[in-house]
K.L.:
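Please see the structure below; I have some questions.
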Amino acid sequence: MLFHSTLRKELARSFGASLVVLVTIVMTMTLIRTLSLASRGSVNPEEVMMVMGYTVLGYLPTILTLSLFISIVGTLSRMYRDSEMVIWFSAGRGLAALVRPLFAFAWPVLAVITLLAMVAWPWANQQAQDLKDRYGRRGDLERVAPGQFQESQGGRSVFFLDKDTPDNKSGRNIFISSLDNDKETVTSARSGRIEFIGNDQFLLLSNGQRLESSLKGDGLRISEFELHGTRVRENSLLPGEKSPARTRSSLDLLREPTAPNQGEFAWRLGLALAAVNFVLLAVTVSSVNPRVGRSGNLVFALFAFVVYFNLLNMGQGWIAAGRAPFLGFVAALHGGTFGLALLWLAKQHNNWGLQPLWRRLRGAGA
């Protein structure tokens, strides 16, 4: 049908433009946030673009849903303002007849959203988390930048040294401040090198001074040395440490239905169900009175989008904390929204109103 093909072409143009704008905004915000993490030492500066790419990939389901919602609302609102919907209604077709061509356009986007939410979201989170963990688990000496004071992974020591070899195995002008068992130790040396003794890594210092002071006020001890060894802890994950729920696959979440896993799966499933509901909601909120401001319905649509996704995030926390059942919340939020959208669509399609209904009730009562 000519009208359907024209509608799909306009939706495609509007969807593409909205997607480009939203992706650009999200990439800019993510880049700023990732650079901030890199400046604090949480992300390797050389891997900023990779972390940003994985993060944006994880946000794509929400971006696609919002782009689809904005494109449908914007296109139908323009049709109302230009009286094209009047022609559609005059042809004997109601508002509900638009649902089929809209879903014919939206179903590939809905399939991609579901795939991204169920598969790409945990994979992207896992890759980004691996990059952060690998950079965070590096040895204490590897964390030190030349000419900068740097804390160890546990925050119990502060290192400073000037690295002067390509392999970072030796340095000069070394300073170490550590706190252990109510005792503060400050060690300085002219040079040092890294050696492995057994399975432990040691920093061997040469020609230095060591100052030990008790936090209880028991006294101060100063000593000089020609060679002194300091053990440097290598950080690693604990053997029994589990990965967070957001990095686990959807099948793993179903196999182990704990409260946090159910909350995460409810959020992923909710992304797909919310995208379907937003297609129906877009049809109902697109009605525009040409004599009223053009942006009123778009503002309301964005407000509905924000409220819906906030409820989705709140529900994830409620399910993870055990305050809401999984099936009950999914049915209440998404099923209730679906039913409300259908009821609203039926009201507009059949031109139901409160005044005719009130007159009918009064007539029946008389």
Side-chain angles (χ1 to χ4, degrees), residues 1-30 53 56-91 93-121 124 270-288 290 294-306 308-309 337-338 341-342 344-345 348-349:
M1 187 177 180
L2 180 61
F3 183 82
H4 290 178
S5 62
T6 305
L7 177 62
R8 286 194 293 268
K9 289 180 181 178
E10 186 171 354
L11 285 173
R13 289 194 298 266
S14 179
F15 176 76
S18 302
L19 183 61
V20 170
V21 172
L22 291 177
V23 168
T24 303
I25 294 174
V26 173
M27 288 184 63
T28 303
M29 297 176 60
T30 305
V56 173
L57 180 61
Y59 288 150
L60 270 184
T62 305
I63 297 174
L64 289 173
T65 302
L66 182 57
S67 300
L68 181 63
F69 189 48
I70 292 176
S71 63
I72 296 177
V73 173
T75 300
L76 296 184
S77 298
R78 187 205 59 78
M79 294 173 62
Y80 272 104
R81 290 193 304 267
D82 295 345
S83 300
E84 293 184 14
M85 294 301 295
V86 176
I87 301 175
W88 175 259
F89 295 149
S90 301
R93 307 302 299 272
L95 189 62
L98 287 172
V99 174
R100 182 175 180 180
L102 288 178
F103 272 102
F105 166 78
W107 76 262
V109 182
L110 298 177
V112 172
I113 291 174
T114 303
L115 183 64
L116 290 174
M118 292 297 179
V119 180
W121 163 258
L271 290 177
L273 297 178
V276 176
N277 287 337
F278 276 123
V279 175
L280 293 176
L281 287 174
V283 180
T284 59
V285 302
S286 300
S287 178
V288 174
R294 297 184 176 184
S295 60
N297 64 325
L298 185 58
V299 172
F300 178 77
L302 293 178
F303 176 75
F305 183 89
V306 172
Y308 198 153
F309 265 82
T337 304
F338 183 77
L342 288 181
W344 195 353
L345 180 61
Q348 294 184 347
H349 179 78

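Keep in mind that what you see is a predicted model, and the values were worked out from it rather than measured. In this chain, residues are counted from 1 in sequence order.
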K.L.:
How close do A104 and P108 get, counting heavy atoms only, and between which atoms?
P.N.:
O-CD, 4.2 Å
K.L.:
Between L116 and L57, is any pair of side-chain heavy atoms under 4.5 Å apart?
P.N.:
yes
K.L.:
Could you grab the distance from atom CZ of F105 to atom CG of L110, nearest 0.5 Å is fine?
P.N.:
10.0 Å
K.L.:
What residue among L64, T62, V276 forms side-chain contact (heavy atoms from CB on, under 4.5 Å) with I113?
P.N.:
L64
K.L.:
Tell me, with the steps shown, if W344 and L280 meet side-chain contact (heavy atoms from CB on, under 4.5 Å).
P.N.:
CA-CA 9 Å; W344 195 353; L280 293 176; over 6 Å; no
K.L.:
Using 30° and 60° as the class limits, which term best fits the ring planes of F278 and F309: parallel, tilted or perpendicular?
P.N.:
parallel
K.L.:
Give me the atom names and distance for the closest heavy-atom approach of A124 to G58.
P.N.:
CB-N, 4.2 Å
K.L.:
Report the distance from atom CG of L19 to atom OG1 of T24, rounding to the nearest 0.5 Å.
P.N.:
9.0 Å
K.L.:
Calculate, to the nearest 0.5 Å, the distance between atoms CD1 and OG1 belonging to I25 and T30 respectively.
P.N.:
11.5 Å
K.L.:
Given the rule in the side-chain contact (heavy atoms from CB on, under 4.5 Å) test, do L302 and I70 qualify, once you have shown the distances and angles that lead to the verdict?
P.N.:
CA-CA 8 Å; L302 293 178; I70 292 176; 4.2 Å; yes
K.L.:
So, the side chain of S14 versus the backbone of L11: is there a donor-acceptor pair under 3.5 Å, distance only?
P.N.:
no
K.L.:
Please identify which of these residues, T65, I72, V99, meets the side-chain contact (heavy atoms from CB on, under 4.5 Å) condition with V279.
P.N.:
I72
K.L.:
Locate the shortest heavy-atom distance separating F305 from L66; write the atom from each residue and the value.
P.N.:
CZ-CB, 3.6 Å
K.L.:
Could you go through the side-chain contact (heavy atoms from CB on, under 4.5 Å) check for L271 and W121 one step at a time?
P.N.:
CA-CA 11 Å; L271 290 177; W121 163 258; 5.8 Å; no
K.L.:
Please confirm whether the backbone N or O of L68 pairs with a side-chain atom of S71, one donor and one acceptor, at under 3.5 Å?
P.N.:
yes
K.L.:
Could you go step by step and tell me if T75 and F15 meet the side-chain contact (heavy atoms from CB on, under 4.5 Å) rule?
P.N.:
CA-CA 10 Å; T75 300; F15 176 76; over 6 Å; no
K.L.:
Any chance CZ of F103 has more than 12 other-residue heavy atoms, nucleotides or ligands included, within less than 6.0 Å?
P.N.:
yes
